[in-house]
Peer 1: 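This is the structure I want to talk about, given as structure tokens.
Residue numbers start at 1 and run along the sequence shown.
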Amino acid sequence: MKAFFSINAGLITLAMFSAAQENIPDAAPIADGPLVANPELDTLDMADMLYKQAQAPATKENRQEYGRLLDLSLRKYLEFTQRFPQSAQAPLAEYRAAMCLEELGRKDEAHGLFLRLIQTGSPALVAASAYRLATDASSAGEIDKAIQYYQLVIRNAEQNDLKVDAQYRLGRLFLSNGNPESAATMFCAVMGNPEADAKFVLVSRMGYAALCADTGRLGEAYSEYRKVLETPGVDNRNRGIATLQAAMLATKLKKTAEAQGLYERLLKDESLKEMAPEARMGLLLGLYNMGKYREILSQYEQQKGIKMPTKDGQVRLLMLLGQSAYKLKEYRKAADFFLEAEKSVPYTQEAMQASFYRLLCYNELKQKDLPQRAQSFLNHYAKAFPTSELHDMVRLMAAENLFSSNPADAARFYASIDFDKVPPKMRADILYKSAWAIAQAGNRGVAAKLLTDFINDFPKDPRICEALTLRGDMYAKTKKEAEALMD
């Protein structure tokens, strides 16, 4: 029986592996020699012969003949189990009948036989039957069932290859089911098995490395990817993935020279051309971390505008270019990069981030239409992404821009700020300015409340006297003479 599987998450593609037959022999060959009447043996031999004929490549191309032979072999296997229920071969015949049912698409009937075998069969049959049930449960998205069946395979498997196969698959299921600790246990069991097939060790190490990276164990993840690169005979696909992941981790771990070497290795390898854009992006990111912003823009211009193969990748590149230009105080150029990024993925969180950075550029350029641009930002993104902290930052930017020239409009922006979301270091300044602007706009009650919050929360602020005076003025104008006199 052949089983096929692949690693998801865009990291690994597996080759096909044979599994689950364990110690179960293939359909027995028909021996030459004088014929001796043996109904038990003859019945099983006939079933085996029909099944072997069905498996021939030429037969499988003829779906009608393939189905006919499978049906005939199924009948013979079932006949054997009914005529010779006490035979030592009866459980094996039942297993082969279940396999015929699966190939015929009669999965429910096949599952019934497999379920009976995991209760009554030998360890080899229990493992083989549980493997089939696990495979089907996993394909159907019944993860909990699949996990239980793979655990049954591991407990009963006598053949190392089948046990390793089940451990790897169980690790993948644990990972998809939100149980990284158990997934790591399974991957490590495969990696630590000296008799495990090298291909299973490879994919287990790749899975374990990705798991480490996802759970913040960057150093361990980097070490595992390096082990993959040191393994002889790794296929191009996995070698490329491991090189790229190791380079990205090296960047995060501030192993700048190692990261650069790995990215350059990817760029020089003709067999890994599809990873070249990510390698170039990685090199640019390394330059950014070193503060070499001018070199980033120079490389971009020299290479006639690097293009990433995906929209997400292109947005990351444009954001990096924009941030580099911003660091160099080339705000107009930075704004153009951010605008291009926003247009690439409209109405997304990435577009919102790019639009926010563009507003920062316009703020530095002291553009008079910044408040209108800020309002446009809020119209586009505030309802679409209501929990984002960027909205209050934009309101604050607009309010600060209007603070001196148009207190009434500044007050409108200040009044819409959620002060609980404001960064703690900025809260005192924002409270005071918003209270002042709102007071100038004539909303004295709200201004007095904000000033009270300021006075209570920041009693040591150097503007405390001005705040008390302004609050007293607000009280006086709202006919609260006693409070005004106290201030």
Peer 1: Please round to the nearest 0.5 Å and tell me the distance separating atom CZ of Arg172 and atom OH of Tyr150.
Peer 2: 12.5 Å

Peer 1: What are the two closest non-hydrogen atoms of Leu450 and Ala435, and how far apart are they?
Peer 2: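 Heavy-atom minimum between the residues: CB-CB, 3.8 Å.
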
Peer 1: Check this for me: does any side-chain nitrogen of one of Lys343 and Glu340 sit under 4.0 Å from a carboxylate oxygen of the other?
Peer 2: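 The answer is no: the pair does not qualify as a salt bridge.
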
Peer 1: For a 4.5 angstrom cut-off between non-hydrogen side-chain atoms, does Gln353 reach Glu350?
Peer 2: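 Sidechains of Glu350 and Gln353: no contact.
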
Peer 1: Side chains of Arg237 and Met275, heavy atoms from C-beta outward: is any pair under 4.5 Å?
Peer 2: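 Result yes, sub-4.5 Å side-chain heavy-atom pair found.
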
Peer 1: Would you mind reporting whether Val315 and Thr348 have side-chain heavy atoms less than 4.5 Å apart?
Peer 2: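 Side chain of Thr348 against side chain of Val315, heavy atoms only: no contact under 4.5 Å found.
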
Peer 1: Can you sort out the partners of Ile154 under side chain to side chain contact (heavy atoms under 4.5 Å, CB included), two or more places apart, ordered by chain and number?
Peer 2: Lys163, Ala166, Gln167, Leu170, Met186

Peer 1: Could you tell me whether the side chain of Gln367 reaches within less than 4.5 Å of the side chain of Arg373, counting heavy atoms only?
Peer 2: yes

Peer 1: Starting at CZ of Arg217, measure out to OG of Ser223 and round the result to the nearest 0.5 Å.
Peer 2: 12.0 Å

Peer 1: Does a side-chain heavy-atom distance below 4.5 Å link Arg294 with Glu330?
Peer 2: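 Yes; the side chains approach each other to less than 4.5 Å.
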
Peer 1: Minimum heavy-atom separation for Ala130 and Ile118, please, with both atom names.
Peer 2: N-CG2, 3.8 Å

Peer 1: Could you work out, with salt bridge (Lys or Arg N to Asp or Glu O under 4.0 Å) as the rule, every residue matching Arg265, not counting sequence neighbours?
Peer 2: none

Peer 1: Identify the two heavy atoms, one from Ser416 and one from Asp392, that lie closest to each other, and give their separation to 0.1 Å.
Peer 2: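 In terms of heavy atoms, the two residues are closest at O-OD1, 3.7 Å.
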
Peer 1: Do any pairs count as a salt bridge (charged side-chain N to carboxylate O under 4.0 Å, His left out) and have a residue in residues 311-321, sequence neighbours left out, and if so which ones?
Peer 2: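 Pairs touching residues 311-321 that pass the test: Glu278-Arg316.
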
Peer 1: Is there a donor-acceptor pair under 3.5 Å between the side chain of Thr215 and the backbone N or O of Cys212?
Peer 2: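 Yes; judged by distance alone, with no hydrogens or angles, the pair exists.
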
Peer 1: Counting only pairs under 3.5 Å, give me each side-chain donor-acceptor contact of residues 422-432, with atom names and distances, residues two or more places apart or in other chains.
Peer 2:
{"residue": "Arg427", "atom": "NH1", "partner": "Asp457", "partner atom": "OD2", "Å": "2.9"}
{"residue": "Asp429", "atom": "OD1", "partner": "Arg463", "partner atom": "NH1", "Å": "2.8"}
{"residue": "Asp429", "atom": "OD2", "partner": "Lys433", "partner atom": "NZ", "Å": "3.3"}

Peer 1: Output the distance between atom NZ (Lys292) and atom OG (Ser324), rounded to the nearest 0.5 Å.
Peer 2: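 Here the rounded value is 13.0 Å.
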
Peer 1: Is the shortest heavy-atom distance from the side chain of Tyr208 to the side chain of Val190 under 4.5 Å?
Peer 2: no

Peer 1: Between the main-chain N or O of Leu152 and the side-chain N or O of Asn156, is there a donor-acceptor pair closer than 3.5 Å?
Peer 2: yes

Peer 1: To the nearest 0.5 angstrom, please state how far the CG atom of Leu370 sits from the CG atom of Asn401.
Peer 2: 4.5 Å

Peer 1: Quick one, Val201 with Tyr168, criterion side-chain contact (heavy atoms from CB on, under 4.5 Å). Give me CA distance, side-chain angles, the key distance, then yes/no.
Peer 2: CA-CA 9 Å; Val201 174; Tyr168 169 73; over 6 Å; no

Peer 1: Suppose the criterion is salt bridge (charged side-chain N to carboxylate O under 4.0 Å, His left out): which pairs have a residue in residues 266-277, not counting sequence neighbours?
Peer 2: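 Found Arg239-Asp269, Glu270-Lys273.
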
Peer 1: Looking at residues at least two apart in the chain, or sitting in another chain, which of them share a side chain to side chain contact (heavy atoms under 4.5 Å, CB included) with Asp136?
Peer 2: Glu102, Lys107, His111, Arg132

Peer 1: Tell me every residue that passes side chain to side chain contact (heavy atoms under 4.5 Å, CB included) with Thr231, counting only those two or more places apart in sequence or in another chain.
Peer 2: Val234

Peer 1: Tell me, please, which residues at least two apart from Phe114 pass ring pair (Phe, Tyr, Trp, His ring centres under 6.0 Å).
Peer 2: Tyr95

Peer 1: Within a 6.0 Å radius of atom CG on Asp108, are there more than 12 heavy atoms belonging to other residues, nucleotides or ligands?
Peer 2: no

Peer 1: What closest approach, in Å, do Ala374 and Ala398 show between heavy atoms, and which atom pair accounts for it?
Peer 2: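 For Ala374 versus Ala398, the nearest heavy atoms are CB-CB, 3.8 Å.
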
Peer 1: Under the ring pair (Phe, Tyr, Trp, His ring centres under 6.0 Å) test, which residues partner Phe337, sequence neighbours left out?
Peer 2: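 Result, ring pair (Phe, Tyr, Trp, His ring centres under 6.0 Å) vs Phe337: Tyr300.
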
Peer 1: With rounding to the nearest 0.5 Å, note down the distance linking CD in Gln372 to CG in Asn379.
Peer 2: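 With rounding to 0.5 Å, CD (Gln372) is 12.0 Å from CG (Asn379).
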
Peer 1: Could you give the distance from CG (Leu133) to OG (Ser138), rounded to the nearest 0.5 Å?
Peer 2: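 It is 12.5 Å, given to the nearest 0.5 Å.
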
Peer 1: Do Tyr131 and Asp165 have side-chain heavy atoms sitting under 4.5 Å apart?
Peer 2: yes

Peer 1: Report the C-alpha distance between Asn177 and Asp144 in whole Å, list the side-chain angles of each, state the deciding distance to 0.1 Å, and finish with yes or no for side-chain contact (heavy atoms from CB on, under 4.5 Å).
Peer 2: CA-CA 8 Å; Asn177 210 33; Asp144 290 339; 3.5 Å; yes

Peer 1: Which pair of heavy atoms, one from Ala384 and one from His380, lies closest together, and at what distance?
Peer 2: CB-O, 4.1 Å

Peer 1: Check whether more than 12 heavy atoms from other residues, nucleotides or ligands sit under 6.0 Å from atom OH of Tyr347, and answer yes or no.
Peer 2: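 Incorrect, the count does not exceed 12.
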
Peer 1: Walk me through whether His391 and Met352 qualify under side-chain contact (heavy atoms from CB on, under 4.5 Å).
Peer 2: CA-CA 10 Å; His391 307 318; Met352 177 177 68; 3.7 Å; yes

Peer 1: Check whether the ring centres of Tyr331 and Tyr326 lie less than 6.0 Å apart, and answer yes or no.
Peer 2: yes

Peer 1: Kindly indicate, with the supporting measurements, whether the criterion side-chain contact (heavy atoms from CB on, under 4.5 Å) is fulfilled by Leu468 and Arg471.
Peer 2: CA-CA 5 Å; Leu468 286 166; Arg471 187 176 68 171; 3.8 Å; yes

Peer 1: Using a 4.5 Å cut-off on heavy atoms from C-beta on, say whether the side chain of Gln151 contacts that of Ile147.
Peer 2: yes

Peer 1: Could you work out, with side chain to side chain contact (heavy atoms under 4.5 Å, CB included) as the rule, every residue matching Thr251, not counting sequence neighbours?
Peer 2: Ala259, Tyr263, Leu285, Asn289

Peer 1: Where is the tightest heavy-atom contact between Pro277 and Met308, given as atom of each residue plus distance?
Peer 2: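 Nearest heavy atoms, Pro277 then Met308: O-SD, 3.5 Å.
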
Peer 1: Return a table of donor-acceptor pairs under 3.5 angstrom between the side chains of residues 355-365 and protein atoms on other chains or two or more places apart.
Peer 2:
{"residue": "Arg358", "atom": "NE", "partner": "Glu342", "partner atom": "OE1", "Å": "3.4"}
{"residue": "Arg358", "atom": "NH1", "partner": "Tyr362", "partner atom": "OH", "Å": "3.4"}
{"residue": "Arg358", "atom": "NH2", "partner": "Glu342", "partner atom": "OE1", "Å": "2.7"}

Peer 1: Restricting to ring pair (Phe, Tyr, Trp, His ring centres under 6.0 Å), what partner residues turn up for Tyr293, sequence neighbours left out?
Peer 2: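 Ring pair (Phe, Tyr, Trp, His ring centres under 6.0 Å) list for Tyr293, sorted by chain: Tyr288.
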
